[in-house]
Amino acid sequence: MKQFNTFSDLKDFLILWLTQSLSALGSAMTNFALIVWSYQAEGSALTTALLTVCSYAPYVVMSIFAGSISDRWSKKKVMLACDCFAAACTLGVLILLRTDRLEIWHLYVINALSGLMNTVQQPASEVATTLLTPQAHYQRVSGLKSLSNSLTNIMTPIIATAVLAFAGIEAVIALDLATFLRAFIALAFFIRIPEAPDGSCAKEGMLESAKVGLRFLRKNRGIFDLMLFLAAINFTASM
């Protein structure tokens with residue numbers, strides 16, 4: 001049986017995981033800070049809640065096509081492009097803040113565009129993780145990703161609130177941009193993501209790929225039922 005050296009086998013994944021996790025923490029801190037800013041500016045829970053609606057609406061509308069879209073290009077290029085777009089949106093918020101022109105509708109538009117990019121980036125990131133990880137380490141990688149997601153959820157309000165209190169929202173955004181820059185450099189210059197072994201999906205039309213996915217769920221009802229169950233739990237928890 002082939003023996004694996006865990007660190008050397010997972011070197012590229014670990015770099016990607018660490019830098020992307022820090023970037024995700026920075027983005028989550030900015031989102032948290034903007035929710036606080038919007039509530040202070042508008043004083044309306046409904047207005048503030050619509051920020052989350054704008055962020056997740058693209059997932060509902062476009063998720064069925066997102067995998068097909070990301071399959072048409074290199075996973076690395078898709079991730080870099082989406083990261084750059086998200087950073088540009090964050091930079092736009094910073095400029096509007098500095099010029100005292102930021103309004104709540106700006107955040108609605110920016111959140112919707114960022115959500116759209118995340119919808120495309122997420123399947124590309126999942127495939128990239130699989131391509132970088134030997135099968136023997138799938139469980140370890142899954143555990144690390146769960147750990148980083150949980151830490152982001154726990155640490156975001158703590159760190160964001162502390163930075164907001166002592167340095168203001170502009171400092172939160174600056175940290176977000178700094179973590180983005182580190183993640184971008186690591187992905188662009190230090191990580192090589194292999195191409196997927198089968199490029200047949202890229203030859204299909206977007207609608208045809210979506211139909212294939214729906215037929216798969218119809219044949220594998222257990223997976224579909226699990227998705228509905230998790231969706232119900234997330235919907236209830238979010239309320």
Val93/Thr30 under side chain to side chain contact (heavy atoms under 4.5 Å, CB included): CA gap, chis, key distance, verdict: CA-CA 10 Å; Val93 171; Thr30 295; 5.8 Å; no
Polar side-chain atom of Ser142 near backbone of Tyr138 as donor-acceptor pair, under 3.5 Å: no
Min side-chain heavy-atom separation Ile104-Leu51 under 4.5 Å: yes
Minimum side-chain heavy-atom gap Trp17-Leu10 below 4.5 Å: no
hydrophobic_cluster_shared for Leu25 and Leu94, side chain cutoff 4.5 Å: yes
Shared hydrophobic cluster, Ile110 / Val53 (ILVMFWY, side-chain heavy atoms < 4.5 Å): yes
Side-chain cluster (under 4.5 Å, hydrophobic types only) that Met227 belongs to, other residues: Phe216, Leu217, Ile223, Phe224, Leu228
Closest non-hydrogen atom pair, Ile193 against Ala128: CD1-CB, 3.8 Å
Pairwise distance OG1(Thr90) to CD1(Ile95) - rounded to 0.5 angstrom: 11.0 Å
Nearest heavy-atom neighbours spanning Met79 and Leu16: CE-CD1, 4.0 Å
Flag if over 12 foreign heavy atoms under 6.0 Å of CZ, Arg221: no
Beyond-backbone contact of Leu102 with Leu107, side-chain heavy atoms, under 4.5 angstrom: yes
hydrophobic_cluster_shared for Leu50 and Phe32, side chain cutoff 4.5 Å: yes
Shared hydrophobic cluster, Leu91 / Leu97 (ILVMFWY, side-chain heavy atoms < 4.5 Å): yes
Least distance between heavy atoms, Leu113 atom then Phe85 atom: CB-CE2, 3.7 Å
Thr130 side, atom OG1; Gln135 side, atom CD - distance, nearest 0.5 Å: 10.5 Å
Side-chain heavy-atom pair Thr19, Leu187 within 4.5 angstrom cut-off: no
Residue pair Thr179 / Gly26: nearest heavy atoms and the distance that separates them: OG1-CA, 3.9 Å
From CA spacing to verdict: side chain to side chain contact (heavy atoms under 4.5 Å, CB included), Arg215, Val212: CA-CA 5 Å; Arg215 286 196 292 267; Val212 170; 3.4 Å; yes
Approximate separation, where rounding is to 0.5 Å, of Leu181 CG and Ser23 OG: 10.0 Å
Validation row: Leu14, Leu144 side chains within 4.5 angstrom (heavy atoms): yes
Heavy-atom side-chain contact between Tyr59 and Asn118 under 4.5 Å: yes
Minimum side-chain heavy-atom gap His137-Phe13 below 4.5 Å: no
Over 12 foreign heavy atoms within 6.0 Å of CZ, Phe190: no
Nearest-0.5 Å distance that lies between atom CG in Leu226 and atom CZ in Phe229: 8.0 Å
Minimum-distance pair of heavy atoms, taken over all atoms of Val78 and Ala124: CG1-CB, 3.7 Å
Minimum heavy-atom distance Lys76-Ala188, with the two atoms named: NZ-O, 3.3 Å
Please tabulate, one pair per line, all N/O donor-acceptor pairs under 3.5 Å involving side-chain atoms of residues 154-174, not counting sequence neighbours.
unit_1: Thr156; atom_1: OG1; unit_2: Thr152; atom_2: O; d: 2.5
unit_1: Thr161; atom_1: OG1; unit_2: Pro157; atom_2: O; d: 2.5

Ser125 side-chain N/O to Gln121 backbone N/O, donor-acceptor pair under 3.5 Å: no
Reported CG-to-CD distance for the pair Leu18 and Gln20, which is rounded to 0.5 angstrom: 10.0 Å
Heavy atoms from other residues, nucleotides or ligands near OH of Tyr56 exceed 12 (cutoff 6.0 Å): no
SG-CG distance between Cys89 and Asp176, expressed to the nearest 0.5 angstrom: 11.0 Å
Path from Leu175 to Leu177 over hydrophobic side-chain contacts below 4.5 Å: yes
Salt bridge (Lys or Arg N to Asp or Glu O under 4.0 Å) contacts touching residues 123-142 (sequence neighbours left out): Glu126-Lys145
pair Val120-Met62: side-chain heavy atoms closer than 4.5 Å: no
